[in-house]
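Presented below is the structure to which this report refers.
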Amino acid sequence: MSGLASIARAVPALTTSRTPVLTPVVAARFPHDRAAFTQGLQYLGGGVLLESTGQVGESGVRRVDLKTGRVQASVATPLAQAFGEGSTVLGSVAYHITWQSGVAFAFDAQTLRETGRYRYTGEGWGLANDGKYLIMSSGSPVLVWRDPKTFAIKRSVTVTDQGQPVRNLNELEYVQGSVYANVWLTDRIAKIDPATGKVTAWIDVSNLTREASTAAARTGKPLTFDDVPNGIAFIPERGTLLLTGKRWPTMFEVKVPGLKIETGVTGRGAVGR
């Protein structure tokens with residue numbers, strides 16, 4: 001198969017599921033770097049994002065200005081042969097995992113200077129945090145919670161929808177007691193109960209995929225098979241999500257039913273500008 005149309009045909013219709021399906025409403029649009037093969041996304045507060053990117057030789061972590069899409073600071077994934085994956089900031093540390101290299105990196109969240117490395121087994125896909133532990137996906141239906149100081153696994157949960165395992169869990173975000181996960185090669189985001197692993201709702205982002213695809217095609221550089229939805233970040237002071245995709249031209253700020261505005265909060269793991 002090739003092209004986004006083929007991907008859409010390969011995914012079962014969301015309306016066949018008994019799990020609630022939510023449609024995001026676009027509140028704002030921001031520019032997104034077409035060269036960014038987005039693997040991780042997090043809002044840090046003050047209009048700044050942490051974004052990690054993939055592809056061997058192009059992987060890295062960056063601080064990005066939300067309004068302009070301008071990269072404020074960046075660092076390449078320290079292993080040249082590694083394929084960079086998810087990232088998250090917890091406290092003053094930015095963590096970044098790799099796909100098949102089995103190495104995670106710690107950086108100073110402000111300067112992006114490397115401060116440590118960790119080893120793990122299996123693949124690394126998405127990374128988020130709940131304020132205490134790191135939450136990691138591997139493309140399987142299993143999410144694991146890791147100690148941020150040692151990277152040791154503290155607990156795990158299998159994600160299911162109507163009793164069936166949900167595979168290809170990718171980029172993650174922890175929001176108001178739920179884990180949100182992109183499902184690779186689909187237009188679906190799973191809202192997951194971290195205690196049980198059950199999907200409590202699906203977010204259908206097919207409208208965003210169509211808009212991003214149309215915008216990219218207008219520039220003469222259409223999206224490819226790999227340029228799928230990936231990237232979820234929560235803006236607490238507005239109660240909205242930022243959603244984008246790999247090499248998408250647009251970062252969408254959306255409203256989703258159930259999300260609440262949080263006062264006095266500027267972003268999980270926020271650091272100064």
Side-chain angles (χ1 to χ4, degrees), residues 4 7 24 26 28-44 48-77 82-89 94-99 105 107 112 123-128 135-137 139 168-175 180-190 203 205-206 208-213 215-216 219 221-235 240-254 267:
L4 292 173
I7 295 173
V26 177
R29 295 168 176 82
F30 305 98
H32 181 246
D33 182 6
R34 284 299 311 274
F37 197 74
T38 304
Q39 303 286 46
L41 195 68
Q42 183 177 342
Y43 181 71
L44 302 181
V48 178
L49 296 168
L50 181 83
E51 182 177 28
S52 55
T53 60
Q55 301 288 10
V56 175
E58 300 175 15
S59 298
V61 179
R62 53 177 68 179
R63 289 169 57 91
V64 180
D65 182 85
L66 171 61
K67 289 186 177 180
T68 65
R70 182 178 63 86
V71 177
Q72 298 178 336
S74 65
V75 62
T77 302
F83 192 114
E85 289 283 348
S87 58
T88 192
V89 170
Y95 298 87
H96 174 47
I97 57 177
T98 53
W99 180 27
F105 303 95
F107 303 96
L112 298 184
E123 294 187 354
W125 287 40
L127 195 65
I135 308 170
M136 182 172 160
S137 67
N168 291 332
L169 299 174
N170 204 359
E171 215 276 301
L172 307 174
E173 181 82 348
Y174 182 87
V175 184
Y180 289 72
N182 282 112
V183 180
W184 184 54
L185 292 182
T186 78
D187 287 326
R188 301 186 297 174
I189 293 174
I203 301 176
V205 300
S206 57
L208 306 185
T209 300
R210 286 192 294 269
E211 182 176 328
S213 180
T219 68
K221 296 180 180 179
L223 299 183
T224 68
F225 178 82
D226 286 337
D227 299 338
V228 294
N230 209 44
I232 310 167
F234 179 57
I235 303 181
T240 56
L241 293 179
L242 293 170
L243 304 177
T244 192
K246 301 171 186 286
R247 293 188 284 238
W248 280 19
T250 310
M251 178 85 65
F252 297 93
E253 181 179 356
V254 303

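The basis for the numbers below is simple: all heavy atoms, side chains too, and nothing from hydrogens, waters or symmetry mates.
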Nearest-0.5 Å distance that lies between atom CG in Asn182 and atom CG in Asn168: 11.5 Å
With side-chain contact (heavy atoms from CB on, under 4.5 Å) as the test, would you mind laying out the steps for Leu208 and Val26 before giving the verdict? CA-CA 9 Å; Leu208 306 185; Val26 177; 3.6 Å; yes
Rounded at 0.5 Å granularity, tell me how far CE in Met136 sits from OH in Tyr95. 13.5 Å
Hey, what do you get for CZ (Arg70) to CG (Asp65), rounding to the nearest 0.5 Å? 6.0 Å
Run the salt-bridge test on Arg63 and Glu51 with the 4.0 Å N-O cut-off and return the result as yes or no. no
Euclidean distance, Phe30 CZ relative to Thr68 OG1, rounded to 0.5 Å: 10.5 Å
Salt bridge or not between Arg247 and Asp33? Use side-chain N to carboxylate O under 4.0 Å. no
State, to 0.1 Å, how close Phe234 and Thr240 come at their nearest heavy-atom pair, and which atoms those are. CD1-O, 3.2 Å
Is the shortest side-chain heavy-atom distance between Leu50 and Leu41 below 4.5 Å? no
Taking the side chain from Glu171 and the backbone from Ile232, do they hold a donor-acceptor pair closer than 3.5 Å? yes
Indicate whether any N or O donor in one side chain lies under 3.5 Å from an N or O acceptor in the other, for Glu85 and Trp99. no
Kindly assign one of parallel, tilted or perpendicular to the pair His96 and Phe107, based on the angle between their ring planes and the thresholds 30° and 60°. tilted
What closest approach, in Å, do Arg62 and Ala36 show between heavy atoms, and which atom pair accounts for it? NH1-CB, 3.9 Å
Between Trp125 and Gly86 (side chain of the first, backbone of the second, donor and acceptor by atom type, cut-off under 3.5 Å), is there such a pair? no
Which residues share a side chain to side chain donor-acceptor pair (under 3.5 Å) with Ser137, sequence neighbours left out: none
Can you list the residues that meet the side chain to side chain contact (heavy atoms under 4.5 Å, CB included) rule with Ala73, with sequence neighbours excluded? Leu112
Residue among Val61, Ile97, Thr98 satisfying side chain to side chain contact (heavy atoms under 4.5 Å, CB included) with Thr77: Thr98
Sorted by chain and residue number, the ring pair (Phe, Tyr, Trp, His ring centres under 6.0 Å) partners of Phe37 (sequence neighbours excluded) come out as none
With sequence neighbours excluded, what pairs up with Thr53 under the side chain to side chain donor-acceptor pair (under 3.5 Å) test? none
For the atom pair CG (Leu243) and OG1 (Thr250), what is the distance rounded to the nearest 0.5 Å? 12.0 Å
If you take all heavy atoms of Ser59 and Ala82, which pair is closest and at what distance? OG-O, 3.7 Å
Contacts of Glu253 meeting salt bridge (Lys or Arg N to Asp or Glu O under 4.0 Å) (sequence neighbours excluded), chain-then-number -> Arg238
Non-hydrogen atoms of Leu172 and Ile135 that approach each other most closely: CD1-O, 3.5 Å
Taking atom types as modelled and ignoring hydrogens, do the side chains of Thr38 and Asn230 form a donor-acceptor contact shorter than 3.5 angstrom? no
Of all residues at least two apart in sequence or in a different chain, which pass the salt bridge (Lys or Arg N to Asp or Glu O under 4.0 Å) check with Arg210? none
Stepwise side-chain contact (heavy atoms from CB on, under 4.5 Å) check, Thr244 with Phe252: CA-CA 6 Å; Thr244 192; Phe252 297 93; 5.8 Å; no
